[in-house]
Amino acid sequence: MRNRRSLIVATLLVCFIVIIVIVNNIRNSYSSPEAVAKRFADSVSKKDFATAKKICPTYSDDSKISEEAYELLFNELSEKTDDKLLLDKSNFRMVTTNGLVPKTFFLPEKRYISLTTANSNEQISAFQKNREVQLKDNKIGPLISYQYTFEFEIDNPVLGTVTKKEKVSLKKDRDITLTGNSTFLESTSLQKQFVGVVSDFYLSYNESIRNNFDFASLSSIDNETKNELSETMSALKPFIETYSQSFQTIIMNATSLKLDSDLQTVHFDVYIDRMISVKLKKEWSDSSDAIQDDSKNAKVTLSYDVNSKKWGVSEIDYETYDQDPANWKKKQQVKLDHRNEATWNENTSGNAI
């Protein structure tokens, strides 16, 4: 009888030990921090987002994690499995429940991205993989700590729109300045717009020459400069027998671009293969030869008209030093299909060539 009782006690003891071993194995394989962190990564890679959300149910302050915050994180993790992410104690607080089979959760710290620009009138839009991200007071968040890739569009009502791509590591809150005063000047589309304004000005200038120096339809120029030009040519016309002007190529030195603090005046150097020939009336000149002006280098000033919302020429100053555009590292150019020429003759009062 005594032997039978001993056998029962021994059997119960073995069973108890087996149960303890099984429970410990379950804990190690299911509830340990490493196992849960790996299960989270595997769930995301398999797009089992419901399981992943259960592992990270709230932020560390028990506030709700938004669907957008989950989606932004899952989008980043979809390209790279990271089974150590949740083990970073500086960004995730681990919570383990009591019980025979405890459960382990990881509660992320809140992280924010604050966005600023050089000018208060610039509007910011944020995107992740072509999906627009919600901004509140130019701030993204709260988010779960990770490295995110965002594309930002910054719109300036005068200078247009630029796009910037940023990789942002959210080990802590981040402040990102997206623009400075030179940011928009680096935009090739804006540079092409500026050199195009100069080209349009000279095309319309030649048209005005053909129309007997009628500058009423002169474009890409501010009204003050247009009036000054009209008055100057009206004063000179009585002394001129013939006047001709031609050009084909305009090259901008993009490195020379400078923007005034008002953001409505820009300066840059240009090369224009312009040629001007002026023949004065005999009574005003001892020579029968025409006066030639083949100045090629100029400093251009453009001004922005807030009413028309267009850039226009306010000054083109040829009194500058010679520069070879072949030496310019960054440049934009307009080249017409053929040389644009215009000639005015006092006898015909307008003759296009």
Side-chain angles (χ1 to χ4, degrees), residues 194-252 256 258 260 262 264-308 310-323 334 336 338-353:
F194 286 158
V195 74
V197 169
V198 181
S199 177
D200 290 344
F201 165 74
Y202 273 107
L203 287 171
S204 66
Y205 194 128
N206 280 357
E207 190 62 30
S208 298
I209 294 172
R210 300 182 189 107
N211 292 331
N212 197 25
F213 287 109
D214 180 2
F215 293 105
S217 60
L218 189 61
S219 64
S220 297
I221 186 172
D222 61 57
N223 289 329
E224 183 179 350
T225 306
K226 180 191 292 188
N227 293 334
E228 290 178 0
L229 184 59
S230 181
E231 291 173 3
T232 300
M233 294 310 300
S234 295
L236 291 177
K237 262 176 63 175
F239 305 96
I240 298 174
E241 182 178 319
T242 61
Y243 184 104
S244 65
Q245 175 176 273
S246 67
F247 82 101
Q248 184 177 11
T249 303
I250 300 175
I251 306 174
M252 172 211 286
S256 70
K258 293 180 177 62
D260 284 2
D262 63 2
Q264 296 180 7
T265 307
V266 67
H267 313 269
F268 52 91
D269 298 336
V270 295
Y271 173 91
I272 308 176
D273 63 349
R274 182 195 67 149
M275 293 187 66
I276 293 178
S277 178
V278 182
K279 186 175 182 181
L280 299 177
K281 293 179 179 179
K282 291 180 180 180
E283 59 266 35
W284 299 106
S285 176
D286 296 332
S287 173
S288 60
D289 296 333
I291 301 170
Q292 305 292 330
D293 180 5
D294 60 351
S295 301
K296 300 293 191 293
N297 292 108
K299 289 185 174 295
V300 174
T301 299
L302 303 183
S303 298
Y304 184 79
D305 188 317
V306 294
N307 295 318
S308 66
K310 292 182 179 179
W311 290 92
V313 172
S314 58
E315 184 179 15
I316 299 181
D317 182 7
Y318 283 91
E319 294 183 6
T320 184
Y321 61 98
D322 290 341
Q323 300 182 70
V334 171
L336 307 178
H338 54 81
R339 198 166 185 83
N340 187 277
E341 302 182 44
T343 296
W344 176 88
N345 188 299
E346 67 166 338
N347 297 320
T348 58
S349 296
N351 177 32
I353 297 179

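Keep in mind it's a predicted model, so treat the numbers as computed, not measured.
- The CD atom of E315 sits 11.0 Å away from atom CG of L302, with the distance rounded to the nearest 0.5 Å.
- How far CD of E346 is from CD of E241: 5.5 Å, rounded to the nearest 0.5 Å.
- Residues meeting the side-chain contact (heavy atoms from CB on, under 4.5 Å) test with S277, sequence neighbours left out: S244, A290, Q292.
- Partners of E231 under the side-chain contact (heavy atoms from CB on, under 4.5 Å) rule, at least two apart in sequence or in another chain, do not exist in this structure.
- Shown here are the side chain to side chain donor-acceptor pair (under 3.5 Å) partners of N206, two or more places apart in sequence or in another chain: Q245, N340.
- Applying the side-chain contact (heavy atoms from CB on, under 4.5 Å) criterion to S308, with sequence neighbours excluded, gives D305, K310.
- S303 places no side-chain N or O within donor-acceptor distance of the main-chain N or O of T265, the cut-off being under 3.5 Å.
- With a 4.5 Å cut-off on side-chain heavy atoms, L218 and S208 count as touching.
- Proximity of the aromatic rings of W344 and Y243 is defined here by a centroid distance below 6.0 angstrom, and this criterion is not met.
- Taking the side chain as every heavy atom from C-beta outward, F201 and I316 approach each other to under 4.5 Å.
- Minimum interatomic distance between E341 and S246 (heavy atoms only, all atoms of both residues): CG-CB, 3.3 Å.
- Partners of D273 under the salt bridge (charged side-chain N to carboxylate O under 4.0 Å, His left out) rule, at least two apart in sequence or in another chain, are R339.
- What you find for D317 and T320 is that their closest heavy atoms are O-CG2, 4.2 Å.
- The CZ atom of F194 sits 15.0 Å away from the CD1 atom of I250 when rounded to the nearest 0.5 Å.
- When every heavy atom of I209 is checked against every heavy atom of T343, the shortest pair comes out as CG2-C, 4.1 Å.
- With hydrogens and angles left out, the side-chain atoms of N227 and S230 include no donor and acceptor closer than 3.5 Å.
- Pairs passing the salt bridge (Lys or Arg N to Asp or Glu O under 4.0 Å) check and including a residue from residues 290-303, sequence neighbours excluded, read D269-K299, R274-D293.
- Judged by distance alone, with hydrogens and angles left aside, the side-chain atoms of N345 form a donor-acceptor pair with the main-chain N or O of N347 at under 3.5 Å.
- The shortest distance between side-chain heavy atoms of D200 and W311 does not fall below 4.5 Å.
- The neighbour count for E224 CD, taken as heavy atoms of other residues, nucleotides or ligands under 6.0 Å away, does not exceed 12.
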